Amino acid sequence: MTLKVAVLTGAGISAESGVPTFRGQGGLWKSFRPEELATPEAFRKDPAIVWEWYLWRRSLIAKAEPNEGHLGLVELESMLGDNFLLITQNVDGLHQKAGSKRLVELHGNIWKVRCLSCGAVYEDRRVQSKELPPRCKECGGLIRPDVVWFGEPLPIEALEKAVSWASSCSIFVSVGTSALVYPAAELPYIAKRSGAKVVEINPEETPVSEIGDVIIREPASKGIRKLLRML
Ligand code: OAD
């Protein structure tokens, strides 16, 4: 049987690169309220505040380098080729920086913006801006980070691809995610129901632990190395 592997990553894989997670110790949602910063309503109410927070997060991410976890997944991709898909909830772009090519981003990318007037989507790597909120380079309209906020749908193509891989892979690996945010959190269950072996790599227990066939209670860097030796 050909090995077909889908890997779902969350903020935990970037923790060792110095990018804060959302939940747990030092998590962003301990100091900030998601409803004030990561919803379309919050952006309508105060786009400047939301932009300030995103520029601050960009400045942290800009200093981060991919770690052994990201690099291990690049190795797995080169081992498996077409039989590998990386599905990430992360918006930090560190998988791409590490060299991953076969990936889908479920929650968008913090380094892209979308114009609310003309619809243009383009890369924007600013970590600060004199003009707050910043404006579209094409039409001068209001731009927003091209990420998914609470209450918004996920990009349909990315989600469909993720679901199709969860339904058809032989191994589904969940790495560094609390597995609490849907619909991404549904993916390990879809995989399990479809007959895949489910692997979890996370130093902490999560809902996925209950359905995991293999549980690696390690940080992503060590855990992914271990997984590579097992395959
Ligand atoms: P969370 O912050 O919810 O969870 C991070 C997970 O990583 C936890 O389960 C930690 O135990 C684990 N972890 C911490 N350090 C780790 C390490 N070194 N190696 C491996 N695991 C580690 O992050 P996500 O699950 O990604 O969505 O959060 C999901 C979504 O909720 C995010 O995409 C974001 C957030 O609100 C939106 O903003 C829409």
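Every number for a ligand or one of its atoms is a count from 1 in the order of the listing. The shown structure was predicted, so the numbers you read here are calculated from the model rather than taken from an experiment.
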Under 3.5 Å, N or O to N or O, is [X] touching ligand 1 that way?
| X | value |
| --- | --- |
| G176 | yes |
| V181 | no |
| I13 | no |
| T206 | no |

Using 30° and 60° as the class boundaries, would you call the ring planes of W29 and W53 parallel, tilted or perpendicular?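 Ring orientation of W29 relative to W53: parallel.
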Could you grab the distance from atom [atom1] of [X] to atom [atom2] of [Y], nearest 0.5 Å is fine?
| X | Y | atom1 | atom2 | value |
| --- | --- | --- | --- | --- |
| S170 | K4 | OG | NZ | 8.5 Å |
| W165 | L187 | CH2 | CG | 13.5 Å |
| L86 | I13 | CG | CD1 | 7.5 Å |
| E77 | D82 | CD | CG | 10.0 Å |
| L71 | L76 | CG | CG | 12.5 Å |

Closest non-hydrogen protein atom to [atom], residue and atom name please, with distance?
| atom | result |
| --- | --- |
| atom 15 (N) of ligand 1 | A15 CB, 3.8 Å |
| atom 31 (O) of ligand 1 | R23 NH1, 3.1 Å |
| atom 16 (C) of ligand 1 | G12 O, 3.4 Å |
| atom 32 (C) of ligand 1 | F22 CE1, 3.6 Å |
| atom 19 (N) of ligand 1 | A220 N, 2.8 Å |
| atom 25 (O) of ligand 1 | T177 OG1, 2.7 Å |

Does the side chain of C115 reach to within under 4.5 Å of the side chain of E138, using non-hydrogen atoms?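 No, their side chains stay 4.5 Å or more apart.
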Side chains of I215 and E205, heavy atoms from C-beta outward: is any pair under 4.5 Å?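 Result no, sub-4.5 Å side-chain heavy-atom pair not found.
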Which ligand 1 atoms, with their elements, are less than 4.0 angstrom from a heavy-atom of [X]?
| X | answer |
| --- | --- |
| W29 | 35 (C), 36 (O) |
| F150 | 36 (O) |
| A11 | 23 (O), 24 (P), 26 (O) |
| G10 | 26 (O) |
| E204 | 11 (O) |
| Q89 | 29 (C), 33 (O) |

Short side-chain donor-acceptor distance under 3.5 Å, R217 and S209: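 Result is yes, a qualifying pair exists.
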Side-chain donor-acceptor contact under 3.5 Å, T9 with T88: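 The answer is yes; a qualifying pair exists.
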With a heavy-atom distance limit of 4.0 Å, tell me whether [X] approaches ligand 1 through its side chain, its backbone, both, or neither.
| X | value |
| --- | --- |
| V148 | backbone |
| E16 | side chain |
| H107 | side chain |

Please report the C-alpha distance between D213 and K192 in whole Å, then the side-chain angles of each, then the deciding distance to 0.1 Å, and finally whether the salt bridge (Lys or Arg N to Asp or Glu O under 4.0 Å) criterion is met. CA-CA 9 Å; D213 297 285; K192 183 78 180 181; 3.0 Å; yes
Would N202 count as a contact of ligand 1 if the rule is a heavy atom under 4.0 Å away?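 Within the 4.0 Å threshold, so yes.
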Whether P203 lies under 4.0 Å from ligand 1, heavy atom: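 A heavy atom of P203 does come that close to ligand 1.
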I'd like to know if E186 and R193 make a salt bridge, using a cut-off of under 4.0 Å between side-chain N and carboxylate O.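 Here E186 pairs with R193 in a salt bridge, since their nearest N and O are under 4.0 Å apart.
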Nearest atoms (heavy-atom pairs only) where H70 meets S14: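 Result for this residue pair: NE2-OG, 3.3 Å.
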